[in-house]
Amino acid sequence: MLKIKKNRLISIILNISISIILYIYTLTNWNNTDFSTMWSKDISIIVMILFVYQLTILKLNKYDYKNFFFWFIPLNYLFLYGRIILNALSLDKNIFWKLFESYSSLASYRSALFSIAYIQILFTGIIMIEQEKLQVETFKFRKKQINSDKCQKFIGIFLLIISMPFKIIYDYIVISAQSSNGSYIAVPEISGVIVALSTLPVVALIFIVICEEINKRKTIILLGAYFLYCGIIMVFAGDRRQLVISLIVCILAFMEKYRVSIKGPKLFKYIILSIILLIILAAVREGRSNVIESFDDFKVALNNIKESNILYETLAEFGITFFSIVGAVEFYPSIYSFALGKTYIASILVVIPGFAKVFPSIFEFSSISKNIKNINNQGLGGSIPQDLYANFSIYGLLISFVIGIILALVMRRRKNSTGMDTIKYYILFYFLINLVRAGFFEITRNIFFAYILIYILKKLYIVMVRRKKVMINS
């Protein structure tokens with residue numbers, strides 16, 4: 001019989017109760033057109049209370065810095081509520097992109113209601129699944145796993161060689177398009193296959209980091225070279241999300257492999273490095289309306305933010321994701337009909353190469369963010385709550401509970417994880433963390449291509465080893 005600890009049972013009941021309260025609160029206020037013009041202040045107070053509460057629950061349940069949800073939950077708050085908090089504090093008067101003016105007040109208010117219920121119901125689903133605590137022996141491999149290490153090295157290096165050209169091609173297309181249009185917002189239509197393959201260098205680096213066959217010095221050199229390249233590309237292309245996510249995932253994998261602690265002086269060092277990264281990201285944002293074409297332009301952007309408030313810049317920049325929900329609430333169902341799950345079906349079918357060209361009608365309205373952009377020409381990207389609302393209206397909030405459970409099950413780690421288990425974990429970490437700023441339609445093909453290529457390379461390695469043994473024996 002399944003036994004649940006008393007403290008855990010209390011936590012589950014408490015989270016379910018809060019979720020029900022917020023869901024009812026959202027339902028009862030959804031059709032309220034006589035809402036306060038200061039609604040952002042009320043929502044901000046609820047957001048801050050929920051944020052502190054959820055972090056406390058994560059702490060009590062011993063979610064450490066290597067756990068996916070240690071990052072996923074706070075990043076959701078940053079991306080969803082940054083602009084709401086600035087609006088509540090009347091700090092968005094001179095903001096670089098005044099998105100509240102692009103949508104009706106009712107759509108913004110409803111989106112805020114939807115988002116606070118979403119984050120709590122999703123969190124409740126996550127907490128339902130207990131996370132295992134890793135054993136210290138995680139990286140003490142047995143003899144029979146030596147071949148596995150060699151296989152990991154082969155896959156990592158081969159995958160890096162295969163995927164890096166596609167990453168370069170993708171970056172070149174984006175930079176060229178943005179340079180010719182004079183704006184970072186001008187992102188060209190690129191083949192889904194190229195986009196998917198361009199994400200795989202990070203997958204290759206995860207193999208290389210975890211693999212016991214490649215020493216620490218070589219690993220640092222490879223990571224340094226790749227992130228130097230990405231840093232340069234970020235300056236000219238303005239794509240900050242992928243660099244930040246890649247950095248987080250690779251650094252966490254490295255820290256776990258070599259058991260790097262973040263206490264004492266090291267914690268201070270990481271805080272300083274994080275602040276520097278935020279300053280660089282703010283400099284990139286500073287030039288997003290006028291494309292940076294040289295390092296002199298980048299220096300000018302840095303000088304422009306010397307007196308800026310880094311917290312303000314961070315909330316303003318990343319908080320744009322909230323408007324992915326506002327766009328869905330504004331245009332569904334007034335212009336587009338609710339998708340009723342078609343987006344999720346298309347997310348599965350899109351992994352089949354050429355399927356979209358043969359059956360274009362299936363995918364015509366599958367990308368919610370693209371549909372919204374077709375109306376207002378604002379490329380705000382996607383998000384899970386955007387998907388939920390555009391598919392199921394306000395009742396999509398109930399689906400977020402299921403999504404939370406699925407994410408918790410997928411990201412649950414074994415107590416005695418092997419190197420390959422750890423690699424699989426960080427690969428999923430890399431792709432799924434994008435859900436703070438993307439919908440399922442945008443990430444499913446990337447995951448599919450990654451696992452297909454890994455499977456093919458693994459089989460290729462086995463064939464090579466067998467042939468080698470045959471040649472030796474003969």
Side-chain angles (χ1 to χ4, degrees), residues 64-79 82 156 159-160 163-164 167-168 170-171 174 198-211 214 216-262 266-285 288 298 302 310 313-314 317-318 321 381 411 422-423 425-438 443 446-447 450:
D64 66 7
Y65 71 91
K66 298 185 293 294
N67 190 286
F68 173 77
F69 299 107
F70 178 90
W71 297 89
F72 185 71
I73 296 300
L75 284 175
N76 261 288
Y77 276 91
L78 176 62
F79 279 80
L159 197 58
L160 188 63
S163 60
M164 200 60 203
K167 169 69 174 165
I168 294 169
Y170 172 82
D171 292 335
V174 171
S198 71
T199 65
L200 297 184
V202 177
V203 175
L205 289 173
I206 291 169
F207 271 94
I208 290 167
V209 168
I210 300 300
C211 175
I214 301 176
K216 187 176 181 179
R217 181 173 173 273
K218 290 179 181 177
T219 300
I220 292 173
I221 290 172
L222 279 171
L223 288 175
Y226 178 75
F227 287 116
L228 176 62
Y229 166 80
C230 288
I232 294 170
I233 293 300
M234 183 187 71
V235 170
F236 293 100
D239 183 3
R240 302 136 299 152
R241 183 185 67 183
Q242 288 303 324
L243 173 65
V244 173
I245 290 173
S246 302
L247 267 173
I248 289 172
V249 174
C250 287
I251 289 173
L252 288 177
F254 184 88
M255 290 173 72
E256 181 170 336
K257 166 74 176 293
Y258 295 102
R259 298 179 190 171
V260 179
S261 66
I262 54 172
K266 285 186 178 179
L267 177 60
F268 179 75
K269 181 176 70 174
Y270 289 127
I271 291 172
I272 296 298
L273 289 173
S274 299
I275 292 172
I276 292 172
L277 178 61
L278 287 174
I279 291 172
I280 294 173
L281 293 176
V284 172
R285 194 276 301 157
R288 281 186 73 81
F298 186 65
L302 278 174
I310 296 301
E313 292 286 344
T314 303
E317 176 66 6
F318 292 104
T321 301
M411 297 308 294
T422 306
I423 287 169
Y425 171 75
Y426 280 110
I427 289 172
L428 283 173
F429 193 125
Y430 168 59
F431 286 117
L432 294 181
I433 201 71
N434 279 280
L435 289 174
V436 300
R437 191 68 180 89
I443 71 165
N446 298 351
I447 296 174

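Annotation for G156 and A204: closest pair O-CB, 3.3 Å, computed over non-hydrogen atoms. A pairwise comparison of heavy atoms in K167 and S198 identifies CD-O, 3.5 Å as the closest pair. For the pair Y65 and W71, the tightest heavy-atom approach, listed with the atom from each and the gap, is O-NE1, 2.7 Å. Minimum interatomic distance between A450 and V203 (heavy atoms only, all atoms of both residues): CB-CG2, 4.4 Å.
Two residues are said to be in side-chain contact when any heavy atoms from C-beta on lie closer than 4.5 Å; K66 and Y426 meet this criterion. Inter-residue side-chain proximity for D64 and N67 is flagged as met; some heavy-atom pair is nearer than 4.5 Å. For the pair F254/I220, a side-chain contact is recorded, criterion being any heavy-atom separation below 4.5 Å from C-beta on. Put simply, the side chain of I447 reaches to within 4.5 Å of the side chain of L432, judged on heavy atoms.
In this structure, the side chain of Y430 engages the main chain of T199 through a donor-acceptor pair within 3.5 Å. In terms of modelled atom types and a separation under 3.5 Å, the side chain of K257 and the main chain of C211 share a donor-acceptor contact.
Taking SG from C250 and CG from L223, the interatomic distance works out to 5.5 Å, rounded to the nearest 0.5 Å. Here the straight-line distance linking atom CZ of F431 with atom CD1 of I443 works out to 8.5 Å at 0.5 Å rounding. Here the CD1-CZ distance, from I251 to F227, works out to 6.5 Å after rounding to the nearest 0.5 Å. Going from atom CG of L200 over to atom CD1 of I427 covers 9.0 Å, rounded to the nearest 0.5 Å. Interatomic distance, I210 CD1 to I423 CD1, rounded to the nearest 0.5 Å: 6.0 Å. One finds the CG atom of L222 at 11.0 Å from the CZ atom of R217 (value rounded to the nearest 0.5 Å).
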Report the C-alpha distance between T422 and I206 in whole Å, list the side-chain angles of each, state the deciding distance to 0.1 Å, and finish with yes or no for side chain to side chain contact (heavy atoms under 4.5 Å, CB included).
CA-CA 9 Å; T422 306; I206 291 169; over 6 Å; no
Quick one, T219 with Y258, criterion side chain to side chain contact (heavy atoms under 4.5 Å, CB included). Give me CA distance, side-chain angles, the key distance, then yes/no.
CA-CA 11 Å; T219 300; Y258 295 102; 4.3 Å; yes
Give the intermediate values and the outcome of side chain to side chain contact (heavy atoms under 4.5 Å, CB included) for residues I433 and I248.
CA-CA 10 Å; I433 201 71; I248 289 172; over 6 Å; no
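Residues that satisfy the ring-ring contact (aromatic ring centres under 6.0 Å, His included) test with F68, not counting sequence neighbours, are F72, F429. In this structure T321 satisfies the side chain to side chain donor-acceptor pair (under 3.5 Å) test together with R437, sequence neighbours excluded.
Residues in residues 222-232 take part in these side-chain hydrogen bond (donor to acceptor under 3.5 Å, both in side chains) pairs, two or more places apart or across chains: D171-Y229.
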